[in-house]
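Below, chains carry the letters A, B, ... as their sequence lines are ordered, and counting in each starts from 1. Because only heavy atoms are used, hydrogens play no part in the values below, and waters and symmetry mates are left out as well, while side chains stay in.
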Amino acid sequence: MDKYEQVIELAKRRGFLWNSFELYGGSRGFYDYGPLGSTLKRRIEQIWREFYIIQEGFMEIECPTIGIEDVFVASGHVGGFSDPLCECKKCGEAFRADHLVENVMAAAGTLNAEQLTQVIKEKGITCPECGGEFNDAYEFNLMFKTTIGPGTGRQGYLRPETAQGMFVDFQRLSRFYREKLPFGAVQIGKSYRNEIAPRQGVIRLREFTQAECEIFTDPRNKTHPNFERFADRELTLYSREGQEKGESVRMTVREAVEKGIIAHEFLGYNLALTNEFLTKIGVDPARLRFRQHLKDEMAHYAIDCWDAEIEMDRFGWVETVGIADRTDYDLKAHSKVSKTELAVYVEYPEPRMVTSFVVKPNMGKLGPVFKGKAKAVSEALKALSEEELSRDEIKISVDGEDITVSSDMVDFAEETVKVSGETVVPHVIEPSYGIDRIFYGTMEHAFEAEDVAVKAAESGLKGAGGARDVNAENLMGAVEAEGEAEGETEEETRIVMRFSSAVAPVQVAVLPLMTRKELVDPSKEILAKLREKNLLVAYDDSGTIGRRYRRNDEIGTPYSVTVDYASLEDKTVTIRDRDSMRQIRAPVEGIEDLLYEMIYRGRKFESAGEPFNF
RNA sequence: GCGUUGAUGGUCUAGUGGCUAUGACUUGGGCCUUCCAAGCCCAAAACCCGGGUUCGAAUCCCGGUCGGCGCACCA
């Protein structure tokens with residue numbers, strides 16, 4: 001069993017992830033988040049909100065998951081999000097039809113499926129694998145299609161990304177932020193892609209959760225106002241150059257921007273922010289890197305793009321976040337299709353005096369003379385130089401016809417005007433998170449199967465791991481010796497999810513030592529107190545205490561509170577730390593505040609009470 | 001989508017053309033005055049779906065679904 005299998009098995013058993021529609025045999029590319037999975041995911045999203053909405057000040061919006069056709073025509077998804085496929089009749093191999101045709105003619109990419117089929121038939125293109133004939137080519141679009149309204153309705157698509165919502169709402173957002181760059185908006189929600197062959201569990205889904213942020217920046221100034229916050233933060237960078245050598249480097253954001261490895265401060269800041277977020281929710285920094293897109297894999301309009309990659313046991317380095325400078329591509333595309341200016345007026349620090357040559361055709365006179373051609377005449381006049389306009393009879397050519405205009409029909413002059421700003425189309429910086437992949441990465445990095453005897457010795461526990469007489473100094477020797485002596489004895493392993501208490505789906509377990517009324521009642525009182533404090537608490541009185549500790553280790557509960565007989569006498573309980581398995585005794589009075597501090601304020605476990613049982 | 005391989009309680013697993021289909025762990029109820037899954041009693045729970053062959057199919061055959069792997073695909 002590799003780590004992926006172990007994690008997925010645990011996730012299934014403990015209510016983190018389930019295959020969707022299992023009752024009916026399931027369907028590929030869909031997963032349900034169970035009770036603990038939903039909670040964990042929501043907590044990850046909530047921390048994301050703290051980062052982007054509270055700290056960065058980019059407000060959240062919520063747009064429909066169904067989009068109308070125009071949106072995706074503009075975004076390029078209708079035309080570019082599909083591939084023409086073609087299968088061999090004999091061996092069944094599938095090929096990109098346009099790739100097949102490329103060898104015999106240029107511009108194959110511009111042909112549709114029907115035309116491609118025709119070319120393949122005419123040129124007698126056969127399967128490169130086995131020489132068999134091909135079926136007709138067909139378009140496979142990765143967007144789910146749907147119909148809006150009854151009857152023939154209107155073509156709609158399930159959104160393949162959340163980003164378009166922010167672009168479509170650009171004008172409203174711009175007004176909301178009182179037209180001051182930079183500003184941004186975020187969206188967390190479902191997106192849909194009809195993948196041809198989804199695999200690898202939650203890594204490639206047909207319905208998945210994205211958290212995307214679109215930051216609209218001034219294209220002429222990509223310094224970041226808060227750059228110093230992260231300037232000296234070290235990141236693992238796997239740059240274009242590094243990829244040639246196959247090695248990544250640790251480097252501060254400042255150095256990377258100064259050396260031009262990261263295109264500018266704005267991107268650098270956002271890389272660091274992503275690094276901060278991922279490590280906060282429990283991604284192992286040693287298994288996190290930022291990989292720069294190679295020139296040929298980057299969209300043609302992008303200036304620079306970095307992926308945050310998380311290393312996973314089975315899949316290697318997996319892209320989890322994309323951080324790109326998409327320039328003005330998206331706004332211009334929507335501007336063109338919607339025939340609306342999507343831009344921001346930026347005032348200059350000082351108004352500028354601009355001198356220009358202005359031609360003012362007198363439409364009142366041109367109109368009656370030239371009638372329908374008046375407009376074309378006026379346009380032609382505007383293109384003339386001062387010298388040409390100075391003549392008594394001005395000659396122009398409209399639609400191949402020579403026309404003479406008398407000088408009283410047009411005025412012109414050199415004018416100096418005060419210009420206090422200009423209209424700019426903002427550049428978009430886009431951090432785009434794949435929440436499901438991050439969720440799985442957190443699960444895998446939190447997962448650990450450790451030897452109980454070794455663990456108990458390390459923590460100096462009495463009575464743990466079968467109370468074997470092992471001490472820390474000759475630990476390795478002892479373990480080896482034991483291994484040789486009783487080679488067939490199975491080591492007892494403890495499976496523990498080391499979730500950060502910031503994301504753990506259960507924060508505290510309350511456990512009566514035994515299922516007896518005198519212990520159960522005070523336990524339930526503690527349970528109620530902790531819930532009042534808004535902590536995520538679970539109560540468990542089934543089975544032995546050791547079993548319950550293990551159960552909670554498996555779901556990553558950071559602390560367990562146990563009520564024993566001493567509790568009845570001195571009003572104290574034990575608190576057990578998941579990672580070290582150590583315990584302390586602390587008073588019941590104020591236990592809710594103590595745990596709150598440990599979970600949210602980083603209060604050290606050791607400082608919370610008297611050592612107990614070790 | 002093609003090829004290949006698999007599918008037995010919640011999990012892991014034994015098994016076979018034929019009576020009530022193993023076992024372990026888990027889970028639930030109860031007992032136990034004391035802390036790290038192995039104390040005791042009791043209980044619940046499975047042959048992926050559809051068709052065919054057969055007196056009889058969970059087992060053999062065909063198709064489907066889901067999972068693993070390889071190829072293709074991953075804007």
Side-chain angles (χ1 to χ4, degrees), chain A residues 1-2 4-6 8-10 12-15 18-30 72 75-96 99 127-130 135 138 140-143 160-161 193-201 203-206 297 299 314 319 322 452-453 455-456 459 461-467 490 492-496 511-516 518-519 541-554 560 562-568 573-576 578 580-583 585 612-614:
Chain A
M1 270 234 269
D2 69 3
Y4 172 79
E5 264 182 289
Q6 289 180 285
I8 288 296
E9 192 264 314
L10 183 145
K12 197 186 278 182
R13 202 157 35 81
R14 290 299 187 197
W18 295 324
N19 283 103
S20 295
F21 318 116
E22 233 180 349
L23 182 60
Y24 292 104
S27 178
R28 281 204 281 182
F30 297 98
F72 301 114
S75 71
H77 286 99
V78 168
F81 202 55
S82 67
D83 297 318
L85 293 183
C86 197
E87 281 151 29
C88 171
K89 283 180 187 168
K90 201 169 141 197
C91 71
E93 277 283 351
F95 295 91
R96 287 274 298 269
H99 291 179
C127 175
E129 289 291 318
C130 71
N135 280 327
Y138 58 94
F140 188 85
N141 192 296
L142 275 323
M143 284 194 293
E161 59 176 25
R193 293 177 195 182
N194 203 359
E195 297 283 353
I196 298 171
R199 254 185 222 181
Q200 310 175 321
I203 304 295
R204 240 171 103 208
L205 294 169
R206 288 191 163 121
E297 81 183 290
R314 183 185 283 192
E319 171 195 352
V452 176
K455 182 73 202 175
S459 297
L461 299 182
K462 282 190 282 188
E490 218 173 293
E492 190 197 336
T493 55
R494 177 175 84 122
I495 290 174
V496 49
L511 319 166
L513 190 61
M514 268 178 296
T515 320
R516 297 180 68 97
E518 61 268 34
L519 297 178
D541 63 9
S542 132
T544 63
I545 188 69
R547 176 167 303 174
R548 284 177 269 157
Y549 285 146
R550 288 292 196 277
R551 262 206 288 257
N552 278 289
D553 289 340
E554 262 196 0
S560 296
T562 303
V563 177
D564 58 15
Y565 281 93
S567 309
L568 303 181
V573 288
T574 66
I575 303 176
R576 172 187 181 267
R578 175 195 67 204
S580 66
M581 291 167 69
R582 292 183 175 205
Q583 286 176 296
R585 283 204 89 89
F612 173 73
N613 221 20
F614 68 90

Integer angstrom distance from the C1' of B/U53 to that of B/G63: 15 Å

Nucleotide paired to B/G3 in any strand shown, Watson-Crick or G-U, under 3.5 Å: B/C69

Between B/C36 (P) and A/I575 (CD1): distance, integer Å: 18 Å

Given B/C32, B/U11, B/G68, the nucleotide with the shortest approach to the side chain of A/R199: B/G68

Pairwise C1' distance for B/G6 and B/C12, with rounding to whole Å: 15 Å

Nucleotide nearest A/S542 when distance is taken to its side chain, options B/G28, B/G68, B/U11: B/G28

Distance in angstrom units between A/L10 CG and B/C12 P, rounded: 12 Å

P atoms of B/C60 and B/G68, separation to the nearest Å: 24 Å

Upstream residue (5' side of RNA chain B) when A/P160 and A/T515 are each assigned their closest nucleotide: A/T515

Options B/G68, B/C36, B/C12, nucleotide nearest the side-chain atoms of A/R314: B/G68

Side-chain donor/acceptor contact of A/N19 with base of B/C66 under 3.5 Å: no

Interatomic distance, A/Q200 CD vs B/G67 P [rounded to whole Å]: 12 Å

Nucleotide of B/U33, B/G1, B/C35 approaching A/A197 most closely (side-chain heavy atoms): B/G1

Beyond-backbone contact of A/T562 with A/R576, side-chain heavy atoms, under 4.5 angstrom: no

Rounded distance in Å - CD (A/E5) to C1' (B/U13): 15 Å

Euclidean distance, atom CD of residue A/E319 to atom P of B/C74 [Å, nearest integer]: 14 Å

Touch class at under 4.0 angstrom, heavy-atom based, for A/S27 against every strand present: sugar-phosphate

Minimum-distance nucleotide (side-chain atoms of A/R28 versus B/A37, B/C35, B/G67): B/G67

Nearest-neighbour nucleotide for the A/R13 side chain, B/U26, B/G29, B/G10 considered: B/G10

From CG (A/L513) to OG1 (A/T544), nearest 0.5 Å: 10.0 Å

A/M143 side, atom CE; A/E161 side, atom CD - distance, nearest 0.5 Å: 10.0 Å

Closest non-hydrogen atom pair between A/D2 and A/R314, with its separation: OD2-NE, 2.7 Å

Donor-acceptor pair present, A/Y549 side chain and B/C35 base, under 3.5 Å: yes

Which atom of A/T574 lies closest to which atom of A/D564, heavy atoms considered: CG2-OD2, 4.3 Å

C1' atoms of B/A57 and B/A21, separation to the nearest Å: 14 Å

Gap between atom CZ of A/R28 and atom CG of A/N19 - 0.5 Å precision: 12.0 Å

Nearest-angstrom distance from the residue atom CD of A/E9 to P of B/G9: 13 Å

P-based separation of B/C41 from B/A24 [nearest Å]: 13 Å

Distance between C1' atoms of B/U4 and B/G10 (Å, rounded): 30 Å

Spacing of A/Y4 atom OH relative to B/G68 atom C1', expressed in whole Å: 10 Å

Earlier contact from the 5' end, RNA chain B, for A/D553 and A/R206: A/D553

Given B/C73, B/A38, B/C71, the nucleotide with the shortest approach to the side chain of A/R204: B/C73

Closest non-hydrogen atom pair, A/P512 against A/L519: CB-O, 3.8 Å

Sugar-phosphate only, base, or nothing, as touched by A/R516 at under 4.0 Å among non-hydrogen atoms: sugar-phosphate

Sugar-phosphate, base or nothing in reach of A/R494, heavy atoms under 4.0 Å: nothing

Nucleotide nearest A/E195 (side chain, heavy atoms from C-beta), chosen from B/C74, B/G68, B/G28: B/C74

Paired nucleotide for B/U33 [Watson-Crick or G-U wobble; both distances under 3.5 Å]: none

No-H, no-angle donor-acceptor pair, A/R576 side chain to B/C36 base, under 3.5 Å: yes

Inter-nucleotide P distance (B/C62, B/U5), Å rounded: 11 Å

N/O donor-acceptor pair, side chain A/R550 with base B/A37, under 3.5 angstrom: yes

Shortest side-chain distance from A/R551, nucleotide among B/G68, B/C35, B/U26: B/U26

Heavy-atom closest pair, residues A/L568 and A/E518: CD2-O, 3.4 Å

Any A/R547 side-chain N or O less than 4.0 Å from OP1/OP2 of B/U27: yes

Integer-rounded Å distance: B/C49 C1' and A/L23 CG: 12 Å

Pairwise C1' distance, B/U54 and B/U59 [rounded to whole Å]: 13 Å

Side chain of A/T544 - closest among B/G10, B/G39, B/C69: B/G39

